[in-house]
Amino acid sequence: MGFYRRTLGVGHGLRRRVRVRRTVVCVRHRPRGTCGVGHMNGQNMERTPFARDFRPIRRRGIERLARAGWGAGRSVWAADIGGRELAVDSVEVSHEPASAVVAGVMGLDEAVSLCVRRRRFVLDGKPVLLSTSYLPTDLVANSPITESDTGPGGIYARLADLGHAPARFREELRSRMPTQPEAERLELPPGAPVIHLARTAFDPEGRVVELNEMVLDSAAYVLEYDFEA
């Protein structure tokens with residue numbers, strides 16, 4: 001079952017009461033290649049920018065996950081950023097019991113031990129993405145996946161070394177408002193939404209080998225999916 005079918009409920013029967021306050025959205029001209037969307041709310045008419053003068057990342061959702069890239073030792077980011085400066089300025093690796101949601105998506109027993117990798121990605125000096133990967137401990141124990149630096153090609157190349165190369169991916173995404181810690185870590189202005197993206201990686205036998213929850217600064221991204229009809 002997909003990530004959001006577990007976290008939001010099955011089907012489309014969910015209803016929420018949403019209280020909408022009068023809001024005016026304004027778009028101001030910006031130089032080509034930058035974003036500048038803001039809003040004015042209530043009587044104060046105070047403009048809060050959703051985006052900064054930052055050249056958005058064109059995230060190529062199909063190309064970046066192709067085995068031709070990570071299988072050759074390239075980062076999945078190589079398809080997105082060209083020669084721009086990317087840094088991972090925070091890496092935390094731990095072993096934690098699976099939550100009910102994560103265990104359900106991965107097809108594991110609840111509270112089974114998982115290797116959890118938390119990272120923050122910074123592009124051109126701007127935090128753009130928070131990533132939390134969950135992998136079965138019994139699969140990745142004593143491998144570079146449990147280290148801060150997983151080596152060329154990253155997690156997927158190391159899973160291939162273990163005989164469990166990803167053969168299929170599923171990505172689910174939705175827009176929402178960030179939590180306070182997310183807003184602080186991404187250095188977001190007030191009122192800026194994020195994109196919550198959950199990616200599940202399956203090996204050739206259909207086993208879930210990774211669940212990756214990502215929180216993206218929505219104004220920093222263009223999501224591109226280019227595939228055959």
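Heads up: numbering here begins at 1 and tracks the sequence.
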Exercise. What distance do Leu135 atom CG and Ile145 atom CD1 have between them, rounded to the nearest 0.5 Å?
Worked result: 5.5 Å
Exercise. Going by heavy atoms in the side chains, are Cys115 and Val93 under 4.5 Å from each other?
Worked result: yes
Problem set entry | Euclidean distance, Leu108 CG relative to Tyr134 OH, rounded to 0.5 Å | 13.0 Å
Exercise. Any side-chain heavy atom of Leu139 sitting closer than 4.5 Å to one from Leu159?
Worked result: yes
Exercise. More than 12 heavy atoms of other residues, nucleotides or ligands under 6.0 Å from OH of Tyr225: is that the case?
Worked result: yes
Exercise. Is it true that atom CG of Asp109 has more than 12 heavy atoms of other residues, nucleotides or ligands lying nearer than 6.0 Å?
Worked result: no
For this session: From the options Arg199, Glu210, Glu213, select the one residue that forms a side chain to side chain donor-acceptor pair (under 3.5 Å) with Ser133.
Result: Glu210
Exercise. Rounded to the nearest 0.5 Å, how far does OH of Tyr156 lie from CG of Asn212?
Worked result: 5.5 Å
Under 3.5 Å, which donor-acceptor pairs link side chains of residues 76-84 to any protein atom two or more places apart or in another chain?
residue	atom	partner	partner atom	Å
Asp80	OD1	Arg60	N	3.1
Asp80	OD2	Arg64	NE	2.8
Asp80	OD2	Arg64	NH2	2.9
Arg84	NE	Asp124	OD2	2.8
Arg84	NH1	Arg55	O	3.1
Arg84	NH2	Arg55	O	2.8
Arg84	NH2	Asp124	OD2	3.0

Problem set entry | Heavy-atom pair of closest approach, residues Ala165 and Pro204 | O-CD, 3.3 Å
Problem set entry | Derivation and outcome, salt bridge (charged side-chain N to carboxylate O under 4.0 Å, His left out), residues Arg176 and Glu182 | CA-CA 12 Å; Arg176 63 167 172 78; Glu182 290 169 348; 2.9 Å; yes
For this session: With the side chain counted from C-beta on, respond yes when Leu130 and Leu186 share a heavy-atom pair under 4.5 Å apart, and no when they do not.
Result: yes
Exercise. Quick one: does NZ or CZ of Arg168 land under 6.0 Å from the six-membered ring centre of Phe202, within 45 degrees of the ring axis?
Worked result: yes
Exercise. Tell me, do Asp161 and Ser143 make a side-chain contact under 4.5 Å, heavy atoms counted?
Worked result: no
For this session: Return the set of residues passing salt bridge (charged side-chain N to carboxylate O under 4.0 Å, His left out) with Glu96 (not counting sequence neighbours), or none when no residue passes.
Result: Arg118
For this session: Could you list the residues that satisfy salt bridge (charged side-chain N to carboxylate O under 4.0 Å, His left out) with Arg117, not counting sequence neighbours?
Result: none
Problem set entry | For the student: nearest non-hydrogen atoms of Ser218 and Pro193, plus distance | OG-O, 2.8 Å
Exercise. Do you know the tightest heavy-atom contact between Ala103 and Ala98?
Worked result: CB-CB, 4.0 Å
Exercise. Considering only heavy atoms from C-beta outward, does the side chain of Leu114 approach that of Met106 to under 4.5 Å?
Worked result: yes
Seminar exercise, completed: When rounded to the nearest 0.5 Å, the distance separating OG1 of Thr146 from CZ of Arg158 is 12.0 Å
Exercise. Ignoring hydrogens and geometry, is there a side-chain-to-backbone donor-acceptor pair from Thr137 to Ser113 under 3.5 Å?
Worked result: yes
Exercise. Does Leu216 belong to the same Ile/Leu/Val/Met/Phe/Trp/Tyr cluster as Val222, with side-chain heavy atoms less than 4.5 Å apart forming each link?
Worked result: no
Problem set entry | For the student: nearest non-hydrogen atoms of Glu110 and Ser99, plus distance | CG-C, 4.3 Å
For this session: Just do the side-chain contact (heavy atoms from CB on, under 4.5 Å) check on Phe54 and Asp217 with the steps written out, would you?
Result: CA-CA 11 Å; Phe54 176 85; Asp217 176 353; over 6 Å; no
Exercise. Can Leu173 and Leu223 be said to form a side-chain contact (heavy atoms from CB on, under 4.5 Å), step by step?
Worked result: CA-CA 11 Å; Leu173 58 131; Leu223 305 182; 3.6 Å; yes
Exercise. In Å, rounded to the nearest 0.5 Å, how long is the span from CZ of Arg174 to CD1 of Ile195?
Worked result: 12.0 Å
Problem set entry | Approximate separation, where rounding is to 0.5 Å, of Arg119 CZ and Asp89 CG | 12.5 Å
For this session: Could you walk me through whether His164 and Val140 pass side-chain contact (heavy atoms from CB on, under 4.5 Å), step by step?
Result: CA-CA 10 Å; His164 291 271; Val140 303; over 6 Å; no
Seminar exercise, completed: Of all heavy-atom pairs linking Arg74 and Ala68, the shortest is NH2-O, 3.1 Å
Exercise. Can you get from Met177 to Met214 by hopping between Ile, Leu, Val, Met, Phe, Trp and Tyr side chains that sit under 4.5 Å apart?
Worked result: no
Problem set entry | Minimal non-hydrogen separation, Leu65 against Phe169, with atom names | O-CE1, 3.6 Å
Exercise. Are Val122 and Leu129 grouped together when hydrophobic residues (ILVMFWY) are joined by side-chain heavy atoms under 4.5 angstrom apart?
Worked result: no
For this session: Could you tell me whether the side chain of Thr150 reaches within less than 4.5 Å of the side chain of Ile155, counting heavy atoms only?
Result: yes
